[in-house]
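Everything below concerns the one structure shown next.
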Number of protein chains: 2
Amino acid sequence: MRADIAGERVPALTAKEKCMETGDHKDCLGVIMPVRDALDVINGKWKLPIIIAISRGHKRFRDIERNIPKITSKVLSKELKDLEAHKLVKRSVFDSQPVSVEYTLTPYAATLNPVIDALFTWGTEHRKTIFGSSGSNGAH
Amino acid sequence: MRADIAGERVPALTAKEKCMETGDHKDCLGVIMPVRDALDVINGKWKLPIIIAISRGHKRFRDIERNIPKITSKVLSKELKDLEAHKLVKRSVFDSQPVSVEYTLTPYAATLNPVIDALFTWGTEHRKTIFGSSGSNGAH
DNA sequence: TAAAGCACTATCCTAAAAGTAACCGCCTTA
DNA sequence: TAAGGCGGTTACTTTTAGGATAGTGCTTTA
């Protein structure tokens with residue numbers, strides 16, 4: 001398990017534009033590295049679905065579990081810990097009669113919205129491309 | 001709405017009732033499924049880096065390999081096949097001396113640009129968040 | 001009193017992803 | 001003649017993700 005940051009360079013923000021504008025294709029590392037950093041946090045099939053479920057108002061363990069098709073307790077438990085370690089999810093325990101636990105998104109998780117939006121949009125279009133324009137039935 | 005966690009009991013709704021009451025359930029799946037469709041295509045640590053490398057002008061096998069840190073021939077070969085199967089990459093063989101092979105992106109791959117942009121932007125910020133605040137450079 | 005919900009954890013196991021290393025034939029350059 | 005580039009393939013091993021199944025201690029509900 002490595003929450004690593006690939007490489008040592010920190011391109012100020014021009015790496016990509018510079019690369020595209022000049023047609024200089026020597027350095028694609030400036031684009032690849034940050035993308036890989038992002039993928040390292042987001043990877044696996046469960047992390048984004050979990051974030052989405054929580055953002056939709058599902059705070060409790062069983063509630064999240066119920067709303068993500070095919071996920072198991074074990075996987076959910078592990079992924080929530082990962083997400084907490086990455087400061088994307090906060091776990092709060094309330095000392096009520098049956099102790100209850102709530103998972104909420106941190107403000108930092110909100111910065112992932114553009115990523116989720118882009119994936120949602122692309123995924124929606126991709127689905128149409130694959131199943132044809134009349135397919136509305138989820139095949140999972 | 002959340003008075004029950006403070007200890008005072010409120011007629012407990014089952015999770016399903018809560019869900020139907022708020023209407024969250026349906027919305028949740030409607031977002032999760034397309035995102036998972038997208039992740040199914042993009043997942044793994046190599047596919048997006050490969051697409052980025054090709055988009056930067058690296059068309060030849062060895063050229064792509066050289067520009068993606070740590071990738072091996074075996075993995076590159078397999079991932080290129082996957083990308084071809086997903087209609088994101090085109091493989092062209094030129095009958096020159098010696099026979100040369102070029103990999104290019106399809107127009108469909110260009111539709112992934114918003115996804116790559118979002119990941120690039122988030123990854124860049126994420127890296128700053130991890131290293132940036134206290135000025136220590138812990139890159140390996 | 002039994003069943004069921006909650007928030008998990010434990011154990012075992014398989015399939016896939018990924019790493020390592022060697023190797024292919026073909027061609028060019030030194 | 002050797003070294004090295006090209007576009008890969010094959011075989012083997014390790015690592016990881018994730019599925020299946022069960023069970024924990026607690027509380028509430030029927």
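Every chain is numbered from 1 and lettered A, B, ... according to where its sequence line falls, protein lines coming before strand lines.
Summarising the geometry, the separation between CD on B:E65 and P on D:dT9 is reported as 12 Å, rounded to the nearest angstrom. Rounded to a whole Å, the CG atom of B:D40 is 15 Å from the C1' atom of C:dA17. Counting to the nearest Å, the P atom of C:dA17 and the CD1 atom of B:I50 are 13 Å from each other. When the C1' atom of C:dA18 is taken as reference, atom CD1 of B:I68 falls 15 Å away, rounded to whole Å. Atom pair B:F61:CZ and D:dC6:P shows a separation of 11 Å (rounding to whole Å applied). Between A:H58 atom NE2 and C:dA7 atom C1' there is a gap of 18 Å when expressed in whole angstrom units. Rounded to whole Å, atom C1' of C:dA7 lies 11 Å from atom CG of A:L80. The separation between B:D63 atom CG and D:dG7 atom C1' is 13 Å, rounded to whole Å.
For the atom pair CG (A:D63) and CZ (A:F61), the distance works out to 11.5 Å, reported to the nearest 0.5 Å. Rounding to the nearest 0.5 angstrom, the gap separating the CD1 atom in B:I50 from the OG atom in B:S55 is 12.0 Å.
Looking only at distances, no side-chain donor or acceptor of A:R127 sits under 3.5 Å from a matching main-chain atom of B:P34. A donor-acceptor pair is defined here as one N or O able to donate and one able to accept, closer than 3.5 Å; such a pair exists between the side chain of B:N113 and the backbone of B:A110. Although no hydrogens or angles enter the test, the distance criterion places a donor-acceptor pair under 3.5 Å between the side chain of A:T106 and the main chain of A:A109.
Clustering ILVMFWY residues whenever any of their side-chain heavy atoms sit less than 4.5 angstrom apart, transitively, puts A:V93 in the very cluster that holds A:L105.
Taking the side chain to side chain contact (heavy atoms under 4.5 Å, CB included) definition, one finds that B:K74 meets it with B:T72, sequence neighbours left out. For the side chain to side chain contact (heavy atoms under 4.5 Å, CB included) test, residues two or more places apart in sequence or in another chain that qualify with B:R62 are B:E65, B:R66, B:S73.
OP1 or OP2 of C:dC6 has not a single side-chain nitrogen or oxygen of A:R60 nearer than 4.0 Å. Phosphate contact (OP1/OP2 of C:dA7, side-chain N/O of A:R66, threshold under 4.0 Å): absent. Within the 4.0 Å cut-off from OP1 or OP2 of C:dA17, not a single side-chain nitrogen or oxygen of B:K47 is found.
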Find every protein N or O atom lying less than 3.5 Å from an N or O atom of nucleotides 17-22 of chain D, and list the pairs.
{"residue": "D:dG18", "atom": "OP1", "partner": "A:K45", "partner atom": "N", "Å": "3.2"}
{"residue": "D:dG19", "atom": "OP1", "partner": "A:K45", "partner atom": "NZ", "Å": "3.4"}
{"residue": "D:dG19", "atom": "O6", "partner": "A:K74", "partner atom": "NZ", "Å": "2.3"}

N/O to N/O distances under 3.5 Å, protein versus nucleotides 14-16 of chain C:
none

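Non-hydrogen atoms lying under 4.0 Å from DNA chain D are contributed by B:R91, B:V101, B:Y103, all within residues 82-105 of chain B.
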Verdict with supporting geometry, A:K81 and A:E84, salt bridge (Lys or Arg N to Asp or Glu O under 4.0 Å):
CA-CA 5 Å; A:K81 280 170 189 163; A:E84 218 190 326; over 6 Å; no

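Here salt bridge (charged side-chain N to carboxylate O under 4.0 Å, His left out) pairs that include residues 43-53 of chain A, with residues two or more places apart or in two chains, are A:K47-A:E79, A:K47-A:D82.
Between B:A118 and A:A118, the shortest heavy-atom distance links the atoms CB-CB, 4.2 Å.
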